[in-house]
Amino acid sequence: MRALAVAVLLLATPAAASPQIVVLEPSTPLTLGSVTFESGRQVAFSIGIGSAAFRGRHDPPDVAWTVSDRGPNIACTQALAITGVPRERICAAANNGRIYPVPAYAPTIYGLRLDPERGVFHVFDAIALKTADGRPIDGLLNPLTVATTETPLDARGRVLAQNASAVDAEGIVRLADGTFWIGEENAPSILHVAADGRILMRIVPAGTGADFAGAGYPVFEGLPALLARRFTNRGIESMAISPDERFLYTMLQNPLANPDARAYQQAKNTRLLKIERATLRVVGQYVYQLDDPQSFRKDPSNRQSDPRISELTALGTDRLLVLERTDGTTKLYEVDLRAGATDILGSRWDDPATRPTLEQSNDLVGAGITPLGKRLVFDSADHPQAPTKLEGVAVLPDGALFLINDDDFGITGERTVGLIVRGLDIRTTD
């Protein structure tokens, strides 16, 4: 049995108890295979199952659901370090390229059974995302013309075809009827997915639907048009649902590039959306302010674009846990939409002509906006056993949290690890 790891947690309230942490490893290796690059270097890939996590009230107490993202991918800036091939050669075909060494990988939902007594989790289900007629999709980027995008390359640097049905899955909830809602980073978009993985509907920003022609499933323009201004690879990584399943919640990973990339690089203000599930209408929009990048103690920086949102988890209707992280440090904050934050839906901040934009506004009080209040409940910098890039959070029946990391399919040697954290100062309602 793995020994119980106990660490001290610094919370906003000094009387908070120290949490208890149990580390879980996969009961069997999550092996995807290996690829040999032109340099002769062979890279062994894992299956990165931890881009998000969820447990519904109807699920067994020891079960959590997770999702993988688009599959192994390597930025051209990392090409030499990971593949041994200089960027100038492997990315010669596209200045905006990204390398996909396993291009046929289908983003997949995983069912996990948690076994803290043995310090492991078991993968009992794997549900690949599919078109309406049952064909597995891939993660090779959509042919976007409104939002920015990249060009996919294979392990030898050859251009791969973009795919209108491709999905970069990053957030997940499971409904009582067995279907899923998934947050998607690239478009950005949200998807309703059947229990067998067939995509029932994809909801994209207004004005972008034509970019998904031929996707193989219905596409609906239901998100605000402004979301298409997300910076490349900084779209939607989160999805939460109210306990009564009336409302979905999602947040932009980072502030929008609104009106340009400079605004994205300097901004702290990102947008949280509340969506009525019965009508698929956005019914609320709130401002969440990201932390100072120097406050992420495992990897402080001067780049405001380093902090990002990778997960939302509902504690009750309009009460959420927000996972804010850098590559090395993860924080969990509790926010309450009912505690005085300004609903900016339909205001001038949704108008692309507004200047300064929300993203450029440093004085929210002067702009008449009260952002969401934040209460810190967990900081991975206090826990040396916590892996980097924790991205998934699920609430267990006893109020404990299950956390899981995104190991990026092992491209830099990381492997998937889960944590069960008990004793945090949180409570569920409804």
Side-chain angles (χ1 to χ4, degrees), residues 75-77 94-98 141-151 162 168 170 183-190 203-212 221-238 250-275 282 284-293 301-310 322 324 326 341-372:
C76 287
T77 53
N95 290 330
N96 68 336
R98 183 170 286 264
L141 301 168
N142 307 124
L144 302 180
T145 61
V146 181
T148 56
T149 191
E150 298 168 312
T151 300
Q162 293 173 327
D168 185 7
E170 294 279 3
E184 192 273 337
E185 183 175 16
N186 186 45
S189 61
I190 62 175
I203 305 176
V204 301
T208 67
D211 288 345
F212 303 90
E221 294 185 359
L223 296 178
L226 208 58
L227 269 58
R229 295 192 177 183
R230 61 96 183 98
F231 193 76
T232 305
N233 292 324
R234 296 296 176 94
I236 289 174
E237 280 208 358
S238 57
T250 192
M251 197 187 311
L252 272 295
Q253 185 180 0
N254 281 82
L256 299 172
N258 181 32
D260 52 30
R262 180 179 175 85
Y264 148 79
Q265 291 165 353
Q266 299 179 350
K268 290 187 174 184
N269 305 325
T270 192
R271 301 169 187 245
L272 184 151
L273 302 181
K274 178 180 178 180
I275 301 167
V282 178
Q285 182 180 183
Y286 302 86
V287 178
Y288 180 97
Q289 290 198 301
L290 292 157
D291 282 357
D292 187 317
S301 80
N302 294 317
R303 295 180 298 273
Q304 185 56 57
S305 58
D306 283 349
R308 67 206 79 164
I309 304 302
S310 283
V322 179
E324 184 176 344
T326 53
T342 305
D343 184 351
I344 64 169
L345 182 66
S347 70
R348 65 191 179 99
W349 305 108
D350 282 341
D351 183 349
T354 296
R355 295 293 184 275
T357 67
L358 175 69
E359 290 69 26
Q360 292 173 313
S361 299
N362 296 320
D363 180 14
L364 290 187
V365 174
I369 299 173
T370 301
L372 289 162

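Only heavy atoms go into these numbers, but all of them, side chains included; no hydrogens, no water, no symmetry mates. For reference, positions follow the sequence shown, starting with 1.
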side-chain contact (heavy atoms from CB on, under 4.5 Å) assessment of Arg262 paired with Gln360: CA-CA 9 Å; Arg262 180 179 175 85; Gln360 292 173 313; over 6 Å; no
Asp343/Lys274 under side-chain contact (heavy atoms from CB on, under 4.5 Å): CA gap, chis, key distance, verdict: CA-CA 10 Å; Asp343 184 351; Lys274 178 180 178 180; over 6 Å; no
Stepwise, does the side-chain contact (heavy atoms from CB on, under 4.5 Å) test hold for Arg234 with Leu252? CA-CA 7 Å; Arg234 296 296 176 94; Leu252 272 295; over 6 Å; no
Determine, stepwise, if the pair Leu227 / Thr208 fulfils side-chain contact (heavy atoms from CB on, under 4.5 Å). CA-CA 10 Å; Leu227 269 58; Thr208 67; over 6 Å; no
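Under the side-chain hydrogen bond (donor to acceptor under 3.5 Å, both in side chains) criterion, Thr145 pairs with Asp211, sequence neighbours left out. Evaluation of the side-chain hydrogen bond (donor to acceptor under 3.5 Å, both in side chains) rule for Thr149 yields no partner, not counting sequence neighbours. Legend: residues meeting salt bridge (Lys or Arg N to Asp or Glu O under 4.0 Å) with Lys268, ordered by chain and number and at least two apart, are absent. Scanning for side-chain hydrogen bond (donor to acceptor under 3.5 Å, both in side chains) contacts around Arg271 gives Gln285, Asp350, Glu359, with sequence neighbours left out. Take Ala225 and apply the side chain to side chain contact (heavy atoms under 4.5 Å, CB included) test, not counting sequence neighbours, and it matches Ala206. In this view, Glu324 and Lys374 satisfy the salt bridge (Lys or Arg N to Asp or Glu O under 4.0 Å) rule, not counting sequence neighbours. Residues satisfying the salt bridge (Lys or Arg N to Asp or Glu O under 4.0 Å) criterion with Arg308, sequence neighbours excluded, are Asp327. With sequence neighbours left out, Arg303 forms a salt bridge (Lys or Arg N to Asp or Glu O under 4.0 Å) with Asp306. Ala94 is linked by a side chain to side chain contact (heavy atoms under 4.5 Å, CB included) to Asn96, Thr151, Leu153, counting only residues two or more places apart in sequence or in another chain. Annotation: side chain to side chain contact (heavy atoms under 4.5 Å, CB included) contacts of Thr370 (sequence neighbours excluded): Thr342. Annotation: side-chain hydrogen bond (donor to acceptor under 3.5 Å, both in side chains) contacts of Gln253 (sequence neighbours excluded): Glu237.
At least one side-chain heavy atom of Leu358 sits less than 4.5 Å from a side-chain heavy atom of Leu364. Between Val282 and Pro224 there is a side-chain heavy-atom pair separated by less than 4.5 Å.
Closest approach of Arg229 and Pro352 over heavy atoms only: NH2-CB, 3.5 Å. The two atoms that bring Pro356 and Trp349 nearest to each other are O-CZ3, 3.5 Å, heavy atoms only. In plain terms, the two heavy atoms of Ala147 and Ala187 that are nearest each other are CB-O, 3.8 Å. Taking each heavy atom of Ile190 and Gly183 in turn, the nearest pair found is CG2-CA, 4.5 Å. Gln304 approaches Pro293 most closely through the heavy-atom pair OE1-CD, 3.1 Å. Among all heavy-atom pairs drawn from Pro255 and Tyr264, the shortest one is O-CD1, 3.4 Å.
With Thr354 contributing its side chain and Arg348 its backbone, the two residues share a donor-acceptor pair below 3.5 Å. Using modelled atom types, one side-chain atom of Arg230 and one backbone atom of Asn186 make a donor-acceptor pair closer than 3.5 Å. When atom types are taken as modelled, the side chain of Asn254 and the backbone of Thr270 share no donor-acceptor pair closer than 3.5 angstrom. With hydrogens and angles disregarded, no donor-acceptor distance shorter than 3.5 Å links the side chain of Gln162 to the backbone of Leu141.
The side-chain contact (heavy atoms from CB on, under 4.5 Å) test with Glu184 singles out one residue from Ile203, Asp168, Val204, and that residue is Asp168.
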